[in-house]
Amino acid sequence: MIPSKYQHKVATAEEAVKVIKSGDNVYLHANSGFPLALVEAMCNRYKELHNVNVYHLTTFHKARYAEPDMAGHFNHVALFIAGNVRKAVNEGRADFVPVFLSEIENLFITRRIDLDVAMVHLSPPDEHGFCSYGVSNDISKTAAENSKVIIAQINPRMPRVYGDNFIHISKLDYIVEVDLPLDEVPMVDDNITESEKALYSKIASYISEMVEDGSTMQMGIGAIPDAVLNFLKDKKDLGIHTEMFSDGLIGLIESGVVNCEKKTFLPGKIVASFVIATKKCFDFMDNNPFIEFRPSRFVNDPFNIAKNDKMISINSSLQIDFTGQACSDSIGHKFYSGFGGQVDFIRGASRSKGGKAILALPATAKNGQISRIVHTLNPGAGVTTSKADIHYVATEYGVADLHGKTIRQRVKAMIDIAHPNFKEELEKKAFELKYLW
Ligand code: COA
């Protein structure tokens with residue numbers, strides 16, 4: 001029964017991508033779900049195609065469709081800017097949509113972004129004909145469900161991850177069988193110097209003091225959230241409700257620190273949406289009933305996040321002014337990343353009973369030459385997290401608690417956690433602005 005439904009859809013990548021027409025909106029599976037064979041075949045057709053809009057979140061593979069020689073053939077539209085498309089966005093060869101991760105899927109559902117073709121990367125079908133979206137549910141499942149055509153790259157190396165994370169083969173239009181390794185991303189910790197490690201550890205140690213036993217954790221992207229995992233080894237009964245799952249969580253699960261038993265929303269389950277990690281983690285997730293992947297519009301919905309008591313969100317930022325406005329997606333006018341789930345989780349954790357929303361960043365950048373705590377955000381540095389949303393800010397000099405505090409109290413608290421070399425200048429400016437008197 002299932003093989004016949006399956007077999008007549010099987011095509012080569014070259015045959016399948018012929019369905020793409022000039023002017024189409026094409027979605028690519030995100031993160032380590034990048035459908036490499038399909039993307040290669042699509043890019044090889046570039047001479048026949050014009051103005052194909054290519055949408056995706058973070059991916060790690062070379063983005064050939066965003067290379068200068070692809071101009072006019074493909075237009076990349078980033079829903080989150082990763083390193084592989086940053087240059088293209090900042091050189092004006094690709095575009096960017098600033099949007100909360102929890103709200104992207106609604107753009108597909110309402111056809112504000114009207115998807116023609118979704119190219120996804122799935123596990124082989126089970127005996128009932130269901131394929132798993134594996135390592136990357138995020139916005140990809142909803143993108144496929146709201147696309148006119150679905151081309152699936154089916155790979156025995158894609159883990160079968162549980163949750164609201166499946167599609168039946170009857171819904172697929174083309175099936176391309178591959179046997180390819182998934183894109184792996186090591187922990188930031190594996191690639192940094194000893195002094196950076198010491199810096200991140202200092203910040204992580206302050207954060208870990210704020211984590212009570214029985215808390216539910218979200219860890220965002222970057223070196224600091226990764227470092228925090230190393231400081232949670234002595235905690236008890238932690239739960240996980242996070243958009244991103246990573247290698248660092250495996251040790252905490254295996255040692256029993258993370259057991260999800262005290263979670264007040266979906267207890268007994270790790271709830272996540274995608275993974276940025278290595279094969280060790282992909283193998284760990286395969287057929288693992290402890291892990292439940294769901295779409296970002298569920299996982300990142302601030303109202304769902306807030307159903308977890310003692311919800312702790314840990315995210316990072318690039319620059320924060322001393323009133324509490326945080327820019328996390330650009331360095332001045334240069335776009336760096338995106339909103340992702342930062343505001344979703346800050347709002348969810350802030351509403352959670354006993355919750356704490358933490359933004360953590362080193363006090364300086366560029367070998368101590370630039371303060372990341374500033375009196376005024378750089379021109380072009382837009383606000384990701386507003387001063388009404390911000391709660392806790394951590395640097396290597398401590399933690400500032402800003403929620404419900406006056407401008408004067410905030411300025412003092414932020415100067416307290418700035419690097420000593422910049423405190424005098426910040427204070428001088430605060431007096432000039434009449435924020436301190
Ligand atoms: N001025 C100039 N350069 C700065 C800077 C500043 N104020 N702040 C940082 N930089 C530079 C750093 O020196 C570094 O440069 P390098 O790559 O040449 O070393 C680069 O910008 C990245 O900074 P870093 O602090 O190392 O970033 P990170 O990898 O720890 O990630 C964010 C931090 C903020 C970029 C990342 O967390 C993010 O994109 N957040 C927004 C989305 C989000 O929070 N989503 C929710 C969780 S999934």
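These numbers come from the heavy atoms of this one structure, side chains and all, not from hydrogens, waters or symmetry mates. In this text the structure is predicted, and so the values were computed from the model without any measurement. Order of appearance sets the numbers: ligands from 1, and atoms from 1 within every ligand.
- Every atom of ligand 1 is numbered from 1 in the order shown, and the set under 4.0 Å from a heavy atom of A223 is 30 (O).
- When distances from atom 14 (C) of ligand 1 to the protein are checked, no heavy atom turns up under 4.0 Å.
- Counting heavy atoms under 4.0 Å from ligand 1, residue Y336 touches it through the side chain alone.
- Looking only at heavy atoms of the protein, atom 44 (O) of ligand 1 is closest to Q342 NE2, 2.8 Å.
- Between D329 and ligand 1 there is no heavy-atom distance shorter than 4.0 Å.
- Of the protein's non-hydrogen atoms, the one nearest atom 1 (N) of ligand 1 is I331 CG2, 3.9 Å.
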Discussion item. Show, in sequence, the C-alpha distance, side-chain angles and deciding distance for S328 and S317, and conclude whether the side-chain hydrogen bond (donor to acceptor under 3.5 Å, both in side chains) test is met.
Written reply: CA-CA 4 Å; S328 312; S317 192; 3.0 Å; yes

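- Considering only non-hydrogen protein atoms, atom 37 (O) of ligand 1 sits nearest to I221 O, 2.8 Å.
- Of all the listed residues (G338, A82, S273), G338 holds the heavy atom that lies closest to atom 41 (C) of ligand 1.
- Heavy-atom distances between M244 and ligand 1 stay at or above 4.0 Å for every pair.
- For atom 25 (O) of ligand 1, a protein heavy-atom neighbour is found at a distance under 4.0 Å.
- Distances from atom 39 (O) of ligand 1 to the heavy atoms of S316, S337, A326 put S337 nearest.
- Counting only N and O atoms by type, the side chains of T384 and D329 include a donor and acceptor under 3.5 Å apart.
- Considering backbone and side-chain atoms together, R372 places an N or O closer than 3.5 Å to an N or O of ligand 1.
- With hydrogens and angles left out, the side-chain atoms of N315 and Q218 include a donor and acceptor closer than 3.5 Å.
- Geometrically, R86 engages Y336 in a cation-pi contact defined by less than 6.0 Å to the ring centre and at most 45° from the axis.
- The option with the heavy atom closest to atom 16 (P) of ligand 1, from among K366, E243, Q369, is K366.
- By the 6.0 Å and 45° rule, R351 stacks over the aromatic ring of F303.
- The pair D416-K412 does not meet the salt-bridge criterion, since no charged nitrogen lies less than 4.0 angstrom from a carboxylate oxygen.
- In this structure, F339 is part of the shell of residues with a heavy atom less than 4.0 angstrom from ligand 1.
- Checked against V117 for a side chain to side chain contact (heavy atoms under 4.5 Å, CB included), the options V149, V17, V52 give a single hit: V149.
- Residues T278 and D247 bring a donor and an acceptor atom of their side chains to less than 3.5 Å of each other.
- Take K141 and apply the salt bridge (charged side-chain N to carboxylate O under 4.0 Å, His left out) test, not counting sequence neighbours, and it matches E145, D164.
- Among protein heavy atoms, the minimum distance from atom 31 (O) of ligand 1 is reached at G222 CA, 4.1 Å.
- The protein atom (non-hydrogen) at minimum distance from atom 40 (N) of ligand 1 is S328 O, 3.7 Å.
- Of the candidates I314, N315, T385, N315 brings a heavy atom nearest to atom 46 (C) of ligand 1.
- The ring pair (Phe, Tyr, Trp, His ring centres under 6.0 Å) contacts involving residues 388-420 comprise H391-H403, Y397-H419, where partners must be two or more places apart or lie in separate chains.
- Classified by interplanar angle (parallel below 30°, tilted 30° to 60°, perpendicular above 60°), the ring pair H241/F265 is tilted.
- Of the protein's heavy atoms, L318 CD2, 3.8 Å lies nearest to atom 23 (O) of ligand 1.
- No hydrogens or angles considered: a donor-acceptor pair under 3.5 Å links the side chains of N75 and N53.
- The backbone of S317, and not its side chain, has at least one atom closer than 4.0 Å to an atom of ligand 1 (non-hydrogen atoms only; backbone = N, CA, C, O).
- When A365, G220, A381 are ranked by how near their heavy atoms come to atom 4 (C) of ligand 1, first place goes to A365.
- For ligand 1, the atoms closer than 4.0 angstrom to any heavy atom of G341 are 45 (N), 46 (C).
- Atom 19 (O) of ligand 1 lies below 4.0 Å from none of the non-hydrogen atoms of the protein.
- Of the candidates Y27, F74, Y65, Y65 is the only one forming a ring pair (Phe, Tyr, Trp, His ring centres under 6.0 Å) with H56.
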